[in-house]
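Notes to accompany the following structure.
Every heavy atom of this structure was used, including side-chain atoms; hydrogens, water molecules and symmetry mates were not. Residue numbers begin at 1 in each chain, while the letters A, B, ... track the order of the sequences.
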Amino acid sequence: MRRKKYLILSGVLLIFAFLATLFISSSDAGTRPNLYWGKSGKDVKVLQWKLQSWGYYKGRIDGVYGNSTVKAVKRLQVRNGIRADGVTGQRTWRALGLGSKATTVAANAPARKGAPRGVTNNKDLNLLSHLVHGEAEAEPYLGKVAVAAVILNRTQDSKFPKSVAGVVYQAGAFESVTNGRYNTTPSAEAKRAAQAAINGWDPAGGALYFWNPVTSTSKWIWSRKITLRIGKHVFGN
Amino acid sequence: MKRRWIWPTLLSVLLIAGVGLGWWSYNEYKDKKQMETVLGNKYQYSFYGLLTKVENVEVLLAKGLVSSTSKQRTAVFSDLLYQSYSGQELLGQLPLDQNISSRTSKFLNQVGDYSYFLNKKLNSGGKLTAKDYNNLQQLHDRSIILNQRLSGIESKVGSGIITWNEIKQDTKKFNKSSKELKSGIGNIVKEMTEMPALIYDGPFSEHVSKMKPRGLTGKVISKSQALKIAKNFLDFTTTSDWSASYKGMNTGKIISYHIELKPKNDKTRVIYTDISKKGGYAVYMLDTRPIDNPKLTSEQARSEAYNFLSKKGLPKMISTFMIERNNIAVISFISMQNNVAIYPDQVKVQVALDNGRIVGFESSSYLLHHQKRTITKPSLSLAEAEKIISPKLNVTKRRLVIIPTEGKNEILCWEFVGDLGNDTFFVYINAKTGMEERILKLIKLPNGTLTM
């Protein structure tokens with residue numbers, strides 16, 4: 001009888017351990033705090049600044065959630081179809097483009113004058129930001145811009161696919177795409193770098209290739225002519 | 001007596017865990033096999049699609065050589081454009097390393113591009129020249145080779161001699177040694193010899209990639225001169241606590257000194273710039289400082305950009321478009337000559353919206369294209385050109401401009417900006433022939449403004 005009791009006990013313990021690991025691994029690290037009247041601090045400042053840059057908030061950015069902040073939040077909520085209670089919850093944060101701590105500034109601000117019609121390069125910005133983050137996160141800002149520029153240069157060259165998606169997802173082209181590191185959320189710097197490349201900045205001077213001379217295992221890549229070195233990457237054609 | 005329960009309990013726990021693990025890993029294995037099949041099927045789909053398109057390209061190129069009526073020819077070339085571009089897309093889906101697929105990709109791109117160019121020529125009353133026939137013949141010869149090679153691979157894959165997974169592994173080996181590959185895929189690289197220079201007015205013509213910068217006038221400068229120029233290019237009133245250091249040469253499109261500028265009191269701040277070896281021009285400048293609390297209006301940002309350009313000695317430029325993102329305003333400028341706006345001479349400026357200082361500058365387009373141009377008088381008057389455009393367009397602005405063609409040649413056009421409903425369009429009428437050269441639709445963004 002005692003054996004059965006201990007069997008059941010160890011089984012229950014195992015189940016608890018399993019559930020605990022599941023719970024820990026799935027907990028969301030870095031969600032924004034819920035803010036309401038009377039709160040103060042850095043998060044309130046971020047909220048006020050974002051509301052001000054979109055024209056909802058006209059007061060001082062003092063980090064104190066007072067009446068004018070409540071009014072501004074309500075205006076935003078009405079505009080975005082959220083219940084206008086003046087409390088900044090997760091939906092309100094997302095409407096501001098500040099869903100989780102990983103993103104600092106929204107890449108796509110919701111339109112006030114109407115949604116952009118036709119073709120935009122928002123989707124290219126997303127693809128490029130992910131690639132820059134996966135391939136060059138440890139590189140200086142200029143190296144990031146150069147990596148993004150290489151992708152765009154490829155779309156213009158006859159040897160490569162014509163679209164950004166075609167270049168990024170070309171089989172075996174980029175290590176971070178192949179091993180999935182590409183799917184992590186890009187840093188703000190990666191986004192800024194991708195945006196600069198889309199706007200036309202090309203520190204790589206037209207280069208079509210980049211690689212890390214220390215870690216690269218491809219013999220073929222060395223047949224390319226190197227034109228520039230930035231950080232740990234060399235660039236070439 | 002008391003300890004006899006330990007062993008059986010442990011054993012049963014281990015047994016349960018072992019069975020659980022075994023069941024879980026078998027499921028994982030099944031999933032993996034399933035994924036491999038799905039992926040292999042996708043590769044098959046892309047490969048068979050590619051093969052079909054290449055077969056069609058071979059047939060169409062032959063038809064293009066033989067057909068005599070212009071109507072038939074335009075149909076053939078339109079179809080060629082579709083088949084080759086579609087084939088090139090499918091090629092990009094296959095697990096082939098870029099060094100293996102690049103020749104084929106380039107070939108298909110050039111076929112499509114050349115067909116488009118020939119069609120345009122035929123549509124505006126032109127004829128195929130002996131050179132065109134020669135080019136088509138050469139393209140056709142290569143399409144035969146490509147077709148044969150791909151068919152060879154198909155028979156091996158179709159009869160189960162090799163799977164796509166093995167081809168993937170195969171191509172990785174190709175990087176490390178040039179031994180004969182089992183699939184024969186390496187032969188494509190050897191036998192698809194490059195076309196002799198295919199030159200025409202299209203983006204993939206040889207002359208585009210070999211263009212030399214036209215705007216680099218002046219003497220070759222030394223490294224120390226470049227460092228001085230870099231410091232003077234900064235947008236600060238005093239630059240005495242900034243130091244410039246040389247970081248290497250950039251031997252890309254515009255040969256330049258790659259320079260980093262750092263202030264004495266801030267180790268994290270850095271400004272990058274390339275100064276051209278010939279002429280000492282700033283090719284680009286990028287400041288990396290974070291920008292918060294935007295305060296400037298769009299108008300103020302634009303006037304800061306204008307001031308910067310004139311301070312740094314650039315000729316008078318006019319702004320065309322501005323977009324604000326992440327507290328930075330990016331403004332595009334083009335040059336003017338004899339009251340004609342010149343689009344290929346483009347410069348871009350980034351203005352920080354917190355203090356109005358310039359945090360970015362880009363002039364490679366200007367340096368590649370700028371030159372003193374002889375601008376002939378337009379053969380069509382403004383009124384004559386305006387008659388040509390669609391009466392549906394409500395025209396609001398008109399001027400003479402120079403625009404680049406796809407092959408980087410330049411043509412003088414009348415530019416009309418007009419609205420149709422909620423959309424704004426730019427229509428370009430060739431000032432010599434009256435042809436409608438290009439139509440652009442303006443994409444209105446909430447944070448972008450046209451500033452013509």
Side-chain angles (χ1 to χ4, degrees), chain A residues 2-3 6-7 10-11 14 49 53 61 105 107 109-120 140-142 145 156-162 166-167 169-173 188 191-192 195-196 199-207 217-221 223 225-230 235 237, chain B residues 5 8-9 12-13 16-17 85 88-89 92-99 102-103 105-106 109-110 113 168 171-172 174-177 203-204 209 248-254 256 258 270 272 274 284 286 288 292-294 325-326 330 348 350 360 362 364-365 422-423 441 443-447:
Chain A
R2 267 170 114 195
R3 275 184 219 168
Y6 285 113
L7 252 170
S10 25
L14 253 174
W49 168 75
S53 63
I61 301 184
V105 182
R112 275 179 291 159
K113 296 179 202 143
R117 296 166 64 194
V119 171
T120 67
Y141 178 69
L142 195 74
V145 180
Q156 302 290 316
D157 188 276
S158 60
K159 299 194 279 289
F160 294 91
K162 285 197 190 34
V167 168
Y169 289 110
Q170 192 176 18
K191 282 191 209 159
R192 182 168 163 179
Q195 186 65 62
N199 282 331
W201 268 257
D202 180 10
T217 50
S218 159
K219 191 179 107 164
W220 171 84
I221 199 84
S223 62
K225 182 172 151 250
I226 294 178
T227 56
L228 174 70
R229 186 187 183 112
I230 300 177
F235 295 81
N237 278 310
Chain B
W5 56 264
T9 320
S12 19
V13 166
I16 296 173
Y85 275 9
Q88 199 235 2
E89 269 251 359
Q93 304 289 308
L94 293 172
L96 303 170
D97 231 54
Q98 200 272 322
N99 56 333
S102 64
R103 286 240 174 110
S105 170
K106 182 167 177 180
N109 250 331
Q110 284 188 317
D113 200 38
K168 210 184 346 181
T171 64
K172 288 213 177 83
F174 192 80
N175 293 336
K176 303 202 164 97
S177 70
F204 299 125
S209 56
M249 287 304 284
N250 185 343
T251 55
K253 266 200 204 131
I254 299 175
S256 40
H258 182 54
V270 60
Y272 302 98
D274 269 11
Y284 75 85
L286 266 179
T288 60
D292 299 315
N293 304 330
R325 223 169 195 162
N326 300 345
V330 181
K348 292 189 177 150
Q350 285 186 10
E362 214 293 315
S364 58
S365 191
N422 273 333
D423 292 322
K441 175 172 181 284
I443 309 297
K444 291 192 178 122
L445 298 169
N447 45 0

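With a 4.5 angstrom heavy-atom cutoff, A/Val167 does not touch chain B via any of its atoms. Residue A/Ile221: no heavy atom, backbone or side chain, is found under 4.5 Å from chain B. For B/Leu286, the part lying under 4.5 angstrom from a heavy atom of chain A is the side chain only. Proximity to chain B is limited to the backbone of A/Asp202, based on heavy atoms less than 4.5 angstrom apart.
Side chain of A/Ser158 to main chain of B/Ser105: no donor-acceptor pair is present (N/O by atom type, distance under 3.5 Å, no hydrogens or angles).
Ranked by heavy-atom pairs under 4.5 Å with chain B, the list A/Gly206, A/Pro140, A/Pro203, A/Ala196 is led by A/Pro203. Put simply, of A/Ala204, A/Ser223, A/Gly200, the one with the most heavy-atom pairs under 4.5 Å next to chain B is A/Gly200. Of all the listed residues (A/Gly205, A/Gly166, A/Ala173, A/Pro161), the one sharing the greatest number of non-hydrogen pairs under 4.5 Å with chain B is A/Gly205. Heavy-atom pairs under 4.5 Å with chain A peak, among B/Ala17, B/Ser256, B/Gly92, B/Ser102, at B/Ser102.
The shortest heavy-atom contact between A/Val145 and A/Trp201 is CG1-O, 4.0 Å. Contact record, A/Ala207 with A/Thr227: CB-OG1, 4.4 Å, taken as the closest heavy-atom pair. Counting all heavy atoms, side chain and backbone alike, B/Asp274 lies closest to B/Asn250 at OD2-ND2, 2.9 Å.
Side-chain contact between A/Phe160 and B/Asn109: absent, with no pair of heavy atoms (C-beta onward) separated by less than 4.5 Å.
Classification of the B/Tyr284-B/His258 ring pair by plane angle, with boundaries at 30° and 60°, yields tilted.
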